[in-house]
K.L.:
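This is the structure, below, for whatever I ask next.
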Amino acid sequence: MTTSTEPQAGQFILDAVAEDLNSGRFQYVRTRLPPEPNGYMHIGHVKAWWIDYNTAKANGGELYLRFDDTNPAKEETEYVEAIKEDTRWLGIHWARETYASDYFGRLYEWAVRLVKKGLAYVDDQSPEEVSAARGTLTEPGKNSPFRDRPVEENLGLLERMKHGEFPEGSRTLRAKIDMAHPNLVMRDPVMYRILRAPHHRTGDTWNIYPMYDWSHGQNDSMEGITHSLCSQEYVIHRPLYEWFLDQLGEFKTRQIEFSRLNVTHTMMSKRKVRILVEKGIVRGWDDPRLTTLRGLRRRGVNPEAILEFVRSVGETKNDSWVDMSVFEAVIRDDLNRRSLRRMGVLRPVKLVIDNYPENQVEEFDAVNNPEDASAGTRKIPFSKVVYIEQDDVRETPPPKYFRLYPGNEVRLRYAYLVKCTGVVKDPATGAVTEVHCTYDPATRSGDAPDGRKVKSTIHWVSARHALEAEVRLYEQLFTVEQPDVGEDVETILNPDSLETLAGCKLEPSLGEAKPGDKFQFERNGYFCADPDGAPGKPVFNRTVTLRDTWAKFEKSGRGNGKP
RNA sequence: UGGGGAUUCGUCUAGUGGUAGGACAGCAGACUCUGGAUCUGUAUGCCGAGGUUCGAAUCCUCGAUCCCCAGCCA
């Protein structure tokens with residue numbers, strides 16, 4: 001990315017890491033991506049992943065990909081593969097792929113050490129009893145009646161829990177810390193619970209599984225992770241992670257927190273995206289209206305743009321909502337530089353050039369990418385009847401409208417100047433069904449010999465050469481800036497988030513587009529071929545529109561003749 | 001009401017005792033065979049009140065507001 005060399009916003013993590021290196025606390029840097037394989041990645045994850053990746057890379061360190069698979073009831077191999085694929089697509093490379101479950105055996109030994117030190121105990125209370133005894137935000141909790149069980153008894157019970165002798169939920173192993181601690185996380189947190197679900201990697205080996213709070217920090221320590229970078233919600237867990245490692249006397253990772261990414265008009269949580277998928281509000285986890293990585297990919301967003309976006313919003317501890325327009329601006333910038341230009345008419349109306357020879361066909365050279373001379377040129381065919389956008393014609397033009405209307409002359413891009421001579425309307429609806437014009441043969445791909453100028457250039461596709469296509473236009477899924485998906489999702493959905501256009505007319509070369517190929521349809525926006533298309537029958541997704549000052553002008557009310 | 005985190009243009013974000021800067025969004029204009037891109041100009045901000053200081057977004061005091069925590073989720 002051209003902008004990557006600019007000064008970065010939010011460097012406090014890099015500063016902290018540099019401090020640790022200078023002070024000698026660590027001699028190297030190692031970070032980790034800690035996904036739970038229970039769903040697909042979204043753009044919110046990318047911020048965390050970029051920070052982990054960049055922090056390691058900037059310090060000549062390495063990045064581990066560690067799947068947090070401590071809850072077999074929710075996790076599946078399918079998601080492991082999907083996360084790896086998405087991560088590769090992003091261009092993030094990991095040095096090692098590990099799993100929390102790789103350490104189940106060693107973690108159990110560490111737990112036994114804590115039991116032997118009298119710092120953990122088996123609790124026979126039911127989940128309800130544990131909850132009731134936890135106290136509240138303002139009142140201390142009560143000690144479990146099993147809290148002072150002798151070490152030998154705890155050891156025996158823990159062993160029997162592991163061997164599957166007790167039903168789910170009947171017992172837990174808890175750290176013995178302080179039931180009156182003002183930080184609720186420290187009130188004898190559960191370390192192991194009994195779970196009978198088969199694990200996607202360890203099968204039926206285990207009957208007890210570690211809680212995240214018991215597993216995560218220990219895994220970091222075992223892997224020699226120097227910096228555990230995570231979101232703000234884990235600030236209150238840090239004292240617990242440090243307590244475990246202090247009691248164990250093991251390698252101590254430094255945890256640094258930052259705020260998670262929120263983007264307006266979209267929603268990040270896996271749980272809530274699942275609701276949208278299950279309710280059929282979107283067509284799947286890869287619906288182009290979603291900000292999942294698969295959705296963004298299908299929509300036509302390049303991974304480089306996603307990374308540039310999360311880089312550019314910086315890293316702080318502030319709660320924040322980044323405006324979707326910032327993301328769109330980054331997407332446009334990326335696509336503008338690399339997309340091939342093509343002509344595509346989305347809402348076609350026929351333009352008949354009355355003085356053009358009936359069966360004549362000409363070819364014009366068109367520039368593939370004005371931002372990149374090496375992209376070259378192509379030929380586009382021209383004939384007597386072409387399609388133009390309905391929006392490029394008005395029978396009676398509003399103020400400042402420079403396109404086609406009776407008596408006005410415009411340029412057909414790369415072709416001739418044409419002057420509108422009249423429109424044909426459907427008598428029933430009053431809609432313009434055909435437009436007539438005459439062309440000036442002396443203006444072929446150049447200025448008029450008499451030096452006259454036109455104020456507008458419009459795109460077109462030759463009718464007899466046109467390729468028919470379906471085009472899907474997307475807008476924001478939600479009408480509110482900060483959507484919260486609950487039972488009333490319907491009330492905040494944008495009814496126009498998807499508009500499917502059939503019978504769009506594209507220049508013939510687009511027939512060869514393969515799924516994922518991206519183009520700028522001139523004057524319309526950026527489009528990406530969808531896997532639903534077939535050879536000769538393409539389907540395109542609109543990734544993002546071009547900036548459209550005319551649309552803005554018209555929408556503001558100043559372009560429609562109103563004062 | 002316990003503990004913890006946070007607060008700089010509309011939105012993100014720099015600034016760490018010496019002219020509050022950038023990006024996006026907005027507005028105005030230039031240029032243009034994409035009303036795109038590009039370029040120029042412009043308005044808007046330090047949560048509040050005291051204090052320290054020649055000088056405070058920055059240091060101190062008091063207050064306000066928002067967010068997180070009462071899963072055998074991560």
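Numbers restart at 1 for each chain; the letters A, B, ... are given by sequence-line order, proteins then strands. Hydrogens, waters and symmetry mates are skipped; everything else that's a heavy atom, side chains included, is used.
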K.L.:
Would the base of B/rG10 count as contacting A/Glu481 through its side chain, where contact means a donor and an acceptor less than 3.5 Å apart?
P.N.:
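Under the 3.5 Å cut-off, the side chain and the base do not form any donor-acceptor pair.
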
K.L.:
Is the shortest side-chain N to carboxylate O distance from A/Arg66 to A/Glu223 below 4.0 Å?
P.N.:
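Looking at A/Arg66 and A/Glu223, the cut-off is met.
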
K.L.:
Given that A/Thr138 and A/Val235 both sit by RNA chain B, which one's nearest nucleotide is further toward the 5' end?
P.N.:
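So the residue in question is A/Thr138.
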
K.L.:
Apply salt bridge (charged side-chain N to carboxylate O under 4.0 Å, His left out) to A/Arg147 and list each qualifying residue two or more places apart in sequence or on a separate chain.
P.N.:
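Testing A/Arg147 for salt bridge (charged side-chain N to carboxylate O under 4.0 Å, His left out), a comparison that skips the adjacent residues, returns A/Asp188.
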
K.L.:
Below 3.5 Å between N/O atoms, which protein atoms pair up with nucleotides 30-32 of chain B? Just atom names and distances, please.
P.N.:
none

K.L.:
For A/Tyr405, what residues pass the ring-ring contact (aromatic ring centres under 6.0 Å, His included) criterion, not counting sequence neighbours?
P.N.:
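For A/Tyr405 there are no ring-ring contact (aromatic ring centres under 6.0 Å, His included) partners, ignoring immediate neighbours.
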
K.L.:
Should A/Thr316 be listed as having a side-chain N or O under 4.0 Å from OP1 or OP2 of B/rU13?
P.N.:
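True: A/Thr316 side-chain N/O within range (under 4.0 Å) of B/rU13 OP1/OP2.
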
K.L.:
Which nucleotide in the set B/rA74, B/rG26, B/rC33 lies at the smallest distance from any side-chain heavy atom of A/Lys552?
P.N.:
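Of all the options, the side chain of A/Lys552 is nearest to B/rG26.
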
K.L.:
Using a 3.5 Å cut-off on both pairing distances, which stems of three or more Watson-Crick or G-U pairs include RNA chain B?
P.N.:
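So far as stems of 3 or more pairs are concerned, RNA chain B shows B:2-7 with B:64-69, B:10-13 with B:21-24, B:26-30 with B:38-42, B:47-51 with B:59-63.
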
K.L.:
Of all residues at least two apart in sequence or in a different chain, which pass the salt bridge (charged side-chain N to carboxylate O under 4.0 Å, His left out) check with A/Glu522?
P.N.:
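Applying salt bridge (charged side-chain N to carboxylate O under 4.0 Å, His left out) to A/Glu522 gives A/Arg413.
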
K.L.:
Does A/Asn318 have a side-chain nitrogen or oxygen under 4.0 Å from the phosphate oxygens OP1 or OP2 of B/rU7?
P.N.:
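Affirmative; the distance criterion is met.
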
K.L.:
Less than 4.0 angstrom between a side-chain N/O of A/Ser259 and OP1 or OP2 of B/rA6, yes or no?
P.N.:
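No, no such contact exists.
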
K.L.:
Go through the structure and list residues passing ring-ring contact (aromatic ring centres under 6.0 Å, His included) with A/His216, not counting sequence neighbours.
P.N.:
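If we apply the ring-ring contact (aromatic ring centres under 6.0 Å, His included) test to A/His216, skipping adjacent residues, the hits are A/Tyr212.
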
K.L.:
The criterion is salt bridge (charged side-chain N to carboxylate O under 4.0 Å, His left out); which residues satisfy it with A/Asp69, sequence neighbours excluded?
P.N.:
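Here no residue qualifies.
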
K.L.:
Look at the side-chain N and O atoms of A/Arg238 and state whether any lies under 4.0 Å from the OP1 or OP2 oxygen of B/rG5.
P.N.:
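Negative; the distance criterion is not met.
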
K.L.:
State whether A/Arg332 places a side-chain N or O below 4.0 Å from either non-bridging phosphate oxygen (OP1 or OP2) of B/rA37.
P.N.:
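No, outside the criterion.
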
K.L.:
Which residues pass the side chain to side chain donor-acceptor pair (under 3.5 Å) test with A/Asp213, sequence neighbours left out?
P.N.:
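Side chain to side chain donor-acceptor pair (under 3.5 Å) check on A/Asp213 returns A/His237, A/Tyr241.
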
K.L.:
For RNA chain B, what residues of residues 411-419 of chain A have any heavy atom nearer than 4.0 Å?
P.N.:
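Of all residues in residues 411-419 of chain A, the ones placing a heavy atom under 4.0 Å from RNA chain B are A/Arg411, A/Arg413, A/Tyr414.
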
K.L.:
List in chain and number order the residues that pass salt bridge (charged side-chain N to carboxylate O under 4.0 Å, His left out) with A/Glu409, two or more places apart in sequence or in another chain; answer none if no residue qualifies.
P.N.:
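Result, salt bridge (charged side-chain N to carboxylate O under 4.0 Å, His left out) vs A/Glu409: A/Arg452.
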
K.L.:
Checking only heavy atoms, does the side chain of A/Arg403 share a donor-acceptor pair with the base of B/rG35 at less than 3.5 Å?
P.N.:
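A donor-acceptor contact between them is present.
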
K.L.:
Name the pairs: protein N/O against N/O of nucleotides 63-68 of chain B, kept only if under 3.5 Å.
P.N.:
{"residue": "B/rC67", "atom": "O4'", "partner": "A/Asp319", "partner atom": "OD2", "Å": "3.1"}

K.L.:
Please list, chain by chain and in numerical order, all residues satisfying ring-ring contact (aromatic ring centres under 6.0 Å, His included) with A/Trp460, sequence neighbours excluded.
P.N.:
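A/Phe382.
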
K.L.:
How close or far is atom P of B/rA37 from atom CG of A/Leu340, stated in whole angstroms?
P.N.:
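My rounded result for the distance is 18 Å.
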
K.L.:
Can you tell me if A/His42 uses its side chain to pair, donor with acceptor, with the backbone of A/Gly44 under 3.5 Å?
P.N.:
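Answer holds: yes.
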
K.L.:
Using a strict 4.0 Å threshold on nitrogen-to-oxygen distance, state whether A/Arg378 and A/Glu507 make a salt bridge.
P.N.:
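Yes.
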
